[in-house]
Protein chains: 2
Amino acid sequence: MLSYTEENYIKALLRLTLEKTVAGTNELAAQLGVKPATATDMLKKLREKQLIDYEKYGKISLTLEGRKKAMQVLRKHRLWETFLYEKLGFAWDEVHDIAEQLEHIQSEKLVEKLDKFLDFPKFDPHGDAIPNAEGEIKVFFTQTLSQIAVGNICRMAAVKDNSATFLQYVAQVGLSINEHIKIISKQPYDALTCIEVNGKQSNVSPKFTDNIFVVGENE
Amino acid sequence: MLSYTEENYIKALLRLTLEKTVAGTNELAAQLGVKPATATDMLKKLREKQLIDYEKYGKISLTLEGRKKAMQVLRKHRLWETFLYEKLGFAWDEVHDIAEQLEHIQSEKLVEKLDKFLDFPKFDPHGDAIPNAEGEIKVFFTQTLSQIAVGNICRMAAVKDNSATFLQYVAQVGLSINEHIKIISKQPYDALTCIEVNGKQSNVSPKFTDNIFVVGENE
DNA sequence: TAACAAAGTTAGATTAATCTAACAAATTTT
DNA sequence: AAAATTTGTTAGATTAATCTAACTTTGTTA
Ligand SMILES: [Mn+2]
Ligand SMILES: [Mn+2]
Ligand SMILES: [Mn+2]
Ligand SMILES: [Mn+2]
């Protein structure tokens, strides 16, 4: 059985290695809000438990077992977020912090009952895919709003950044999951993009458009 | 903010002091499954935090503040048990262990949303009263099945013992909350009581009847 | 009331998770 | 390739929660 802390470490590693497959000590420590020295200690422990591949001064990656365990935590996190949002009526910028705690509740049966109660959701309130009971994710969004050309229309699939400030900002612009977005123009001078959502136009930064995943208008 | 462990200590103290108002170190340690030496250390810490009244070699009691905090934990415990039972379809002997974990989730808002979602339940699946947001309980059951005279009919209000083995035994006899019970006879020789539930008769021990709270037939 | 038993405390050690300060290795720049 | 920077590790300390073994206090019994 993994401790609360160990679970947080492998979940952070999962996040870091989803794109780049390997991670570094400082990066991991930053992600978790601890000092690199602390992360080094934990890395030794996780290697001992065969959850990661790692050697001194080298790069870190999850073993198959580690990845599976991390996916289970991610599954719980996203199922609980969905519960909080769909059943209890929390806003989408409130669910993450509470799910950070709920994801550590130990009970296989609870996860499966919760999944059923929510009618086997495929996505969480932020548009992120929920791993299945085997710890697999099929859908991956790759296209961001910044990649859409002027004049085109797309649909918001998910948000990359889950921070409350960003989520509130997104909502303020009139955006939500599945909402249609038209790219009106891009300013070469200050790199802002003018988008139209439900008839309302807004100018947003590259940082903003980089953090919105989109799919084609009718996908 | 109290730690997970501190919360468990004051909850245990609440349970112990609900009837007798004071508790002893060994008793508390036994309740929590730790050694008396461990409990002594924690008692100093809880006194420091003004959650208990206690001095060396003396008896322990909760302060008003400590009692309130403990009641909040108990409230969460029972609300979560109700959720697991009512919404997720867990059996009444399965909910306690999971609620032991869920009771420590920190979020005022979550508790109130959960309460509303459950439609402000007054009792948990074991018939125990759920403290209100102010940490108060109004209803207290005092009469046990062992106190009912032969020939009388009563109704099961709650169970005193929440262990899975006892709960399964109770269900096996055909008993559940609000079920009517008729006292058929009491054997002077071996102290067994013959009860009738839904036409089915069973012989049960004093240990059994002491752990069932009842109210009058029409209360 | 002296002796014994029960209840409770203290001292000293352990484990998990964290930190700071100092050091070492690897990488990048000049 | 030497110097400088970045990255990562080690040593030593701290805090929370726990234990065992030895000791002290309180309460009971003869
Ligand atoms: Mn977490
Ligand atoms: Mn999410
Ligand atoms: Mn608990
Ligand atoms: Mn209960």
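Proteins get letters first, then strands, A, B, ... in listed order; numbering begins at 1 in each.
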Sugar-phosphate, base or nothing in reach of B/Thr40, heavy atoms under 4.0 Å: base
Sugar-phosphate, base or nothing in reach of B/Thr25, heavy atoms under 4.0 Å: sugar-phosphate
Send over the distance from [X] [atom1] to [N] [atom2], rounded to a whole Å.
| X | N | atom1 | atom2 | value |
| --- | --- | --- | --- | --- |
| A/Leu46 | C/dA16 | CG | P | 12 Å |
| A/Glu55 | C/dA26 | CD | C1' | 14 Å |
| A/Glu27 | C/dA26 | CD | P | 18 Å |
| A/Ile60 | D/dT7 | CD1 | P | 13 Å |
| A/Tyr54 | C/dA25 | OH | P | 14 Å |
| A/Leu28 | D/dT9 | CG | P | 11 Å |
| B/Glu48 | D/dA16 | CD | P | 12 Å |
| B/Tyr4 | D/dT15 | OH | P | 24 Å |

Basic-acidic side-chain contact under 4.0 Å: B/Glu94, A/Lys113: no
From [options], pick the nucleotide closest to the side chain of [X]?
| X | options | result |
| --- | --- | --- |
| A/Asn26 | C/dT10, D/dG8, C/dT20 | D/dG8 |
| A/Asp41 | C/dT18, D/dC19, C/dT9 | C/dT18 |
| B/Lys35 | C/dT20, C/dT18, D/dT20 | D/dT20 |
| A/Val34 | C/dC19, D/dC19, C/dT10 | C/dC19 |
| B/Ala37 | D/dT18, D/dG8, C/dT10 | C/dT10 |

For [N], take OP1 and OP2 only and decide whether either is under 4.0 Å from a side-chain N or O of [X].
| X | N | value |
| --- | --- | --- |
| A/Thr38 | C/dC19 | yes |
| A/Lys44 | D/dT9 | no |
| A/Lys56 | C/dA24 | no |
| A/Tyr9 | C/dA16 | no |
| B/Lys59 | C/dG8 | yes |

Reference residue A/Arg75; test salt bridge (charged side-chain N to carboxylate O under 4.0 Å, His left out); the match among A/Glu112, A/Glu134, A/Glu81, A/Glu108: A/Glu112
Within-4.5 Å side-chain heavy-atom neighbours: A/His126 and A/Leu167: yes
Chi angles and distances behind the side-chain contact (heavy atoms from CB on, under 4.5 Å) call for B/Leu74, B/Arg15: CA-CA 9 Å; B/Leu74 193 61; B/Arg15 164 173 281 274; over 6 Å; no
First of A/Tyr57 and B/Leu43 reached from the 5' end of DNA chain C, by closest nucleotide: B/Leu43
Complementary nucleotide for D/dA30 - Watson-Crick or wobble, under 3.5 Å: C/dT1
Result of checking A/Leu18, A/Leu16, A/Ile10 against A/Leu14 for side chain to side chain contact (heavy atoms under 4.5 Å, CB included): A/Leu18
Check: A/Gln106 main-chain N/O paired with B/Gln101 side-chain donor or acceptor under 3.5 Å: yes
